[in-house]
Amino acid sequence: VFENGVFKESGDKPLEPLSYKTMMNLPDNSLLYLDKSGLNYRKANKNVLLNKIDPAITNSNPGYFHADHHELWLSNKNGVYHLDADGKVTTYLQGIATVQVIKGSNDNMWFTTSNGIYMLPRKENRLFIFDKSNGLSNDRVKRITRDKKHNIWLGLDNGNINKIKQGMSKVDQIEIPDKTNFNTGIKKLLLDEQNESLYFASDFGLGVLKNIYRSHPEFSFLKESNNSLFVIKDFSIDKNTGLSLALSSGVALL
């Protein structure tokens with residue numbers, strides 16, 4: 001304590017912050033700091049542990065943090081960790097050494113890292129990642145489209161189609177019966193909203209999923225009259241001219 005031009009020991013129990021980075025002065029002359037136990041609040045001689053934190057997080061070279069009454073954002077050499085009021089932990093920038101976390105005036109979060117500066121938009125404008133952990137049948141997505149009901153349709157590398165329902169609450173996995181012609185992956189998706197159908201193509205096949213807004217849509221496949229293989233380069237649909245195909249052997253109109 002600095003009194004009358006002289007520093008004196010306060011007599012209080014010494015603080016043990018993890019480093020000079022893990023201390024934050026607040027406008028009311030109180031202090032937030034991280035120690036081995038977690039996030040602490042200190043004012044005068046009163047000390048309160050606000051949040052317990054997994055030692056695996058605090059032991060990995062923690063950097064500057066941001067905290068308020070509802071959440072804690074902590075940076076370390078492995079990324080950024082967000083702890084909400086219920087104690088749930090969400091990780092961002094996993095594997096990227098992060099030094100500082102700043103909350104902007106518009107509630108966007110800014111992270112300074114060994115790989116540049118990142119910005120995470122406020123929650124309502126945030127990016128969400130869907131992968132196998134969310135229900136996708138494959139992480140490698142080749143095509144994507146959205147229908148009039150705001151469902152998202154995905155053409156996958158394993159030759160299947162997935163649908164993310166409106167509100168991103170559920171993923172439907174749609175397995176294509178024709179494994180032989182579609183195992184190279186779905187390279188194109190086109191919606192025919194007028195007929196409530198979804199056209200899809202691989203390198204060696206083209207099919208249509210009919211009645212897409214019903215609980216049990218139906219598959220139909222384009223086949224040569226002699227069942228010979230055809231190679232599809234591209235295709236388009238039009239309500240006047242129908243289906244146009246660019247094949248390795250030329251152009252076909254149906």
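Values below: all heavy atoms of this structure, side chains included; hydrogens, waters and symmetry mates excluded. From a predicted model like this one, the values you see are computed outputs, not experimental measurements.
- One hydrophobic cluster, built from ILVMFWY side chains closer than 4.5 Å, cannot hold both W110 and L120; they sit in different ones.
- Scanning both residues, V101 and M109, for their nearest heavy atoms gives CG1-CE, 3.4 Å.
- Between Y64 and Y20, the two ring planes are perpendicular [angle over 60°; tilted spans 30° to 60°].
- Distance check, rounded to the nearest 0.5 Å: CD1 of I117 to OG1 of T98 gives 12.0 Å.
- With contacts defined as side-chain heavy-atom distances shorter than 4.5 Å, the pair L156/S137 qualifies.
- In this structure, N78 and S60 approach most closely via the heavy-atom pair ND2-OG, 3.4 Å.
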Show your reasoning for whether side-chain hydrogen bond (donor to acceptor under 3.5 Å, both in side chains) applies to S30 and D28. CA-CA 5 Å; S30 62; D28 65 350; 2.4 Å; yes
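- Pairs passing the side chain to side chain donor-acceptor pair (under 3.5 Å) check and including a residue from residues 208-217, sequence neighbours excluded, read E193-Y213.
- Atom NZ of K223 has 12 or fewer neighbouring heavy atoms from other residues, nucleotides or ligands inside a 6.0 Å radius.
- Judged by distance alone, the side chain of D157 and the main-chain N or O of V141 form no donor-acceptor pair under 3.5 Å.
- Atom CD of Q173 is surrounded by more than 12 heavy atoms from other residues, nucleotides or ligands within 6.0 Å.
- Of the inter-residue distances, the one linking L189 atom CG with R143 atom CZ reads 8.0 Å to the nearest 0.5 angstrom.
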What side-chain donor-acceptor pairs closer than 3.5 Å can you find for residues 196-208, not counting sequence neighbours?
residue, atom, partner, partner atom, Å
S197, OG, N195, O, 3.1
S202, OG, N181, O, 2.5
S202, OG, F204, N, 3.3
S202, OG, G205, N, 3.2
D203, OD1, K187, NZ, 3.2

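- Heavy-atom contacts from other residues, nucleotides or ligands closer than 6.0 Å to CG of D68 number more than 12.
- Using a 4.5 Å cut-off on side-chain heavy atoms (C-beta onward), V80 and W73 make contact.
- Side chains of L247 and V231 form no contact here, defined as non-hydrogen atoms less than 4.5 Å apart.
- In this structure N59 satisfies the side chain to side chain contact (heavy atoms under 4.5 Å, CB included) test together with P55, sequence neighbours excluded.
- Between L190 and T145 the shortest side-chain heavy-atom distance does not fall below 4.5 Å.
- Nearest approach of L245 to L254, heavy atoms of both residues: CD1-CD1, 3.9 Å.
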Taking it one step at a time, do E71 and K88 satisfy salt bridge (Lys or Arg N to Asp or Glu O under 4.0 Å)? CA-CA 10 Å; E71 58 185 356; K88 179 184 176 183; over 6 Å; no
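- In this structure, CG in L18 is found 8.5 Å from CD1 in I53, a value given to the nearest 0.5 Å.
- In this structure, the ring of F65 has its center no less than 6.0 angstrom from the ring center of Y81.
- Judged purely by atom type and a 3.5 angstrom limit, N76 uses its side chain to pair as donor or acceptor with the backbone of I57.
- Of the options N47, T22, N40, T58, a side-chain hydrogen bond (donor to acceptor under 3.5 Å, both in side chains) to D35 is made by N40 and by none of the others.
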Test log, rule side-chain contact (heavy atoms from CB on, under 4.5 Å), inputs K43 and L31: CA-CA 6 Å; K43 188 169 185 178; L31 179 73; over 6 Å; no
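- Residues L191 and I161 share a single hydrophobic cluster, defined by chaining ILVMFWY side chains whose heavy atoms lie under 4.5 Å apart.
- Under the 4.5 Å side-chain contact rule for hydrophobic residues, V48 and L26 share a cluster.
- In the hydrophobic clustering of ILVMFWY residues, with side-chain heavy atoms under 4.5 Å counting as a link, I144 and F130 come out together.
- In this structure a side-chain-to-backbone donor-acceptor pair under 3.5 Å is present from T112 to Q100.
- For the atom pair N151 CG and K170 NZ, the distance stands at 11.5 Å (nearest 0.5 Å).
- With hydrophobic clusters built from ILVMFWY side chains whose heavy atoms lie under 4.5 angstrom apart, M24 shares a cluster with L50.
- Figure legend: K8 and F2 shown without cation-pi pairing, the cationic atom not lying both under 6.0 angstrom from the six-membered ring centre and within 45 degrees of its axis.
- Counting all heavy atoms, side chain and backbone alike, I96 lies closest to S114 at CG2-OG, 4.2 Å.
- Side-chain contact between K163 and V171 is absent, with no heavy atoms from C-beta onward closer than 4.5 Å.
- A heavy-atom distance below 4.5 Å is found between the side chains of D147 and W153.
- Note that the CD1 atom of I164 and the CG atom of D172 stand 10.5 Å from one another [nearest 0.5 Å].
- Using a 4.5 Å heavy-atom cutoff, the side chains of H82 and Y92 are in contact.
- In this structure, the separation between NZ on K132 and CG on N162 is 11.0 Å, given to the nearest 0.5 Å.
- R42 contributes a side-chain N or O that, together with a main-chain N or O of A44, makes up a donor-acceptor pair within less than 3.5 Å.
- The two residues G63 and L74 have their closest heavy-atom pair at O-CD1, 4.3 Å.
- No side-chain heavy atom of Y41 sits under 4.5 Å from any side-chain heavy atom of L49.
- Between the side chain of S19 and the backbone N or O of P17, no donor-acceptor pair lies under 3.5 Å.
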